[in-house]
There are 2 protein chains.
Amino acid sequence: MDTRTRILHAAADLLARSPEADVSTRAVCEAAGVGAPVLYRQFGDKEGLLSAVVDFGFEQYLAGKRAAKPSNDPVRDLRDGWNNHVAFALENPNFYRLMYSPGLSAPPGAAAEAHGLLLAVLERCAAAGRLRVSPELAAQMVMPANAGVALLLITRPAIYSDAAEVSARVREAIVTAVTTPDEPPRTPRPDGEVSVLAASLGAVLRAAPASPLSGTETALLLEWLARLADA
Amino acid sequence: MDTRTRILHAAADLLARSPEADVSTRAVCEAAGVGAPVLYRQFGDKEGLLSAVVDFGFEQYLAGKRAAKPSNDPVRDLRDGWNNHVAFALENPNFYRLMYSPGLSAPPGAAAEAHGLLLAVLERCAAAGRLRVSPELAAQMVMPANAGVALLLITRPAIYSDAAEVSARVREAIVTAVTTPDEPPRTPRPDGEVSVLAASLGAVLRAAPASPLSGTETALLLEWLARLADA
DNA sequence: TGGTGGCGTTAACGGCGATACGTCCTACAG
DNA sequence: CTGTAGGACGTATCGCCGTTAACGCCACCA
């Protein structure tokens with residue numbers, strides 16, 4: 001096994017077992033059977049090590065999920081993504097804390113990937129006409145609520161008697177605010193449908209940028225559509 | 001000035017200025033002009049010091065808010081509380097991070113007080129018939145969403161172009177899920193109003209426990225009402 | 001065979017949280 | 001007023017941590 005991955009495994013193991021979500025570089029080096037400088041040669045910094053460890057654990061977690069991901073109901077995928085997010089946090093609390101809470105100046109990449117996955121699901125929702133705001137704004141709404149639920153379930157477990165219930169309630173509150181109801185509205189009301197149409201059109205344009213408009217024109221149009229969707 | 005409060009002031013000052021949300025006991029002692037053992041005599045631990053600092057800052061913050069607090073519209077107070085929460089987090093990011101994020105084994109008391117304040121507002125909402133779930137569940141929904149928005153606005157400011165917009169959107173999503181609309185429903189529908197009635201009755205009973213029921217009976221009744229409200 | 005550059009170790013530095021111990025100031029009995 | 005006891009304070013120190021300088025080893029290439 002590569003020395004780097006050996007250090008990574010040792011650090012991940014120690015971190016998962018640590019009750020205080022903290023690992024010392026010395027302990028990692030001893031567990032990996034290497035001297036201190038190799039660690040700094042490989043990761044440059046303790047923060048670099050921790051970022052790599054978080055990415056490592058998150059990637060490992062995603063590997064099991066990437067298989068049968070996209071269903072034909074993107075809103076269902078949105079709900080599943082929320083539940084997976086919370087489940088991952090509850091199963092790997094130390095990793096999750098490192099991912100969102102502390103002062104890691106460089107966001108560990110896993111967070112960016114999670115954001116990207118969420119955005120992809122929301123784009124599909126918009127393409128299906130199920131989004132009432134722009135995917136960007138929807139992501140900016142879903143992510144804090146999801147992370148907040150996960151973080152408080154981790155850090156204040158005593159307060160939340162029924163974790164699944166609270167998570168589902170907040171999830172539905174956000175999903176309701178962000179998506180249109182399952183059954184399409186019978187009579188498309190002349191008013192209030194602008195946002196849905198704008199969000200859908202934006203998603204279609206983003207998916208298939210082949211249009212008679214130039215790149216800058218398309219960009220501006222997309223910005224206007226987002227503004228319409230979010231109005 | 002008392003030595004303890006001098007240390008508290010010094011620590012709060014250093015913490016507020018610290019870019020990395022971390023303070024060394026040595027720096028605090030030097031700034032306060034005391035030796036190290038005094039600090040440990042007063043607070044026992046670095047964690048004890050930080051908890052005291054957070055409580056100190058939060059209490060100072062609440063002092064300015066406690067004056068003209070209760071309006072005649074409890075739902076408006078709920079919204080104001082949300083906004084104040086976010087504003088406090090954005091103005092005192094280091095205090096807020098300490099309050100929610102790290103491994104402070106003893107929740108700093110300020111968090112408990114914030115929870116209590118939220119619960120009081122929600123009780124008033126229920127008493128006014130504006131809550132569709134029990135105050136406890138509502139608090140368990142509002143708190144994570146509110147904290148999640150505040151935390152991600154602090155830790156990932158680059159992602160959130162318009163902080164106020166996102167905060168307001170998530171707030172409205174939660175408020176909508178938790179409260180009944182402003183105008184009372186014209187015709188009280190025979191179905192679906194059970195939860196509102198149960199929540200209101202529970203709030204009234206909690207406010208004025210003088211009832212022909214015994215204490216244990218009242219407790220059980222309140223539990224049932226909560227179950228009805230949350231069904 | 002003699003560089004040469006990655007990869008590893010030993011040893012050390014400075015800073016941190018925490019504490020043992022001597023010293024000094026204060027308060028009170030005579 | 002004076003002597004003494006007790007508690008508060010500062011000095012020096014310990015052990016741990018993150019980090020790095022200096023050096024040794026070994027495979028590869030001209």
Side-chain angles (χ1 to χ4, degrees), chain A residues 1-57 94-95 97-99 101-108, chain B residues 1-57 94-95 97-99 101-108:
Chain A
M1 180 167 22
D2 191 358
T3 302
R4 180 185 169 94
T5 62
R6 211 175 55 223
I7 297 178
L8 232 41
H9 272 94
D13 201 48
L14 287 179
L15 179 63
R17 299 186 194 289
S18 158
E20 268 313 314
D22 194 22
V23 200
S24 73
T25 60
R26 293 176 131 86
V28 172
C29 291
E30 189 176 1
V34 298
V38 277
L39 191 152
Y40 290 89
R41 219 179 275 277
Q42 294 283 345
F43 303 95
D45 209 349
K46 181 180 186 179
E47 184 175 318
L49 169 67
L50 292 182
S51 287
V53 167
V54 171
D55 286 354
F56 174 72
N94 290 350
F95 283 65
R97 274 226 273 262
L98 247 59
M99 195 163 151
S101 109
L104 269 73
S105 59
Chain B
M1 177 165 27
D2 191 358
T3 302
R4 180 185 170 94
T5 62
R6 211 174 55 222
I7 296 178
L8 233 41
H9 272 94
D13 202 47
L14 287 178
L15 179 63
R17 298 186 194 289
S18 158
E20 267 315 315
D22 193 22
V23 201
S24 72
T25 60
R26 295 174 129 86
V28 171
C29 290
E30 188 176 1
V34 299
V38 231
L39 190 150
Y40 290 90
R41 214 177 276 277
Q42 295 283 345
F43 303 96
D45 210 350
K46 181 179 186 179
E47 182 176 320
L49 169 67
L50 292 182
S51 286
V53 167
V54 171
D55 285 354
F56 175 73
N94 291 349
F95 283 66
R97 275 226 272 263
L98 247 59
M99 196 164 151
S101 107
L104 269 73
S105 58

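In what follows, every chain begins at residue 1, and chains take the letters A, B, ... in the order their sequences are listed.
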Pairwise side-chain contact, A:Leu39 with A:Leu49, heavy-atom cut-off 4.5 Å (strictly under): yes
* Are the side chains of B:Leu15 and B:Leu98 in touch, meaning some heavy atoms are under 4.5 Å apart? -> yes
OG of B:Ser24 to CD of B:Glu30, rounded to nearest 0.5 Å, is 8.5 Å
ask   = Considering only heavy atoms from C-beta outward, does the side chain of A:Val34 approach that of A:Arg6 to under 4.5 Å?
value = yes
DNA chain D: first to last nucleotide in contact with chain A (atom under 4.0 angstrom from a heavy atom), 5' to 3', is D:dC17 to D:dA21
Residue pairs meeting ring pair (Phe, Tyr, Trp, His ring centres under 6.0 Å), one or both in residues 6-36 of chain B, sequence neighbours left out, come to B:His9-B:Phe56
*Indicate yes or no: at least one non-hydrogen side-chain atom of B:Leu50 is less than 4.5 angstrom from one of B:Phe95.*
no
Scoring nucleotides 16-24 of chain C by protein non-hydrogen atoms under 4.0 Å (B base, S sugar-phosphate only, - none) yields BBBBB----
| field | Carboxylate-amine/guanidinium proximity below 4.0 Å for A:Asp22 and A:Arg97 | value | no
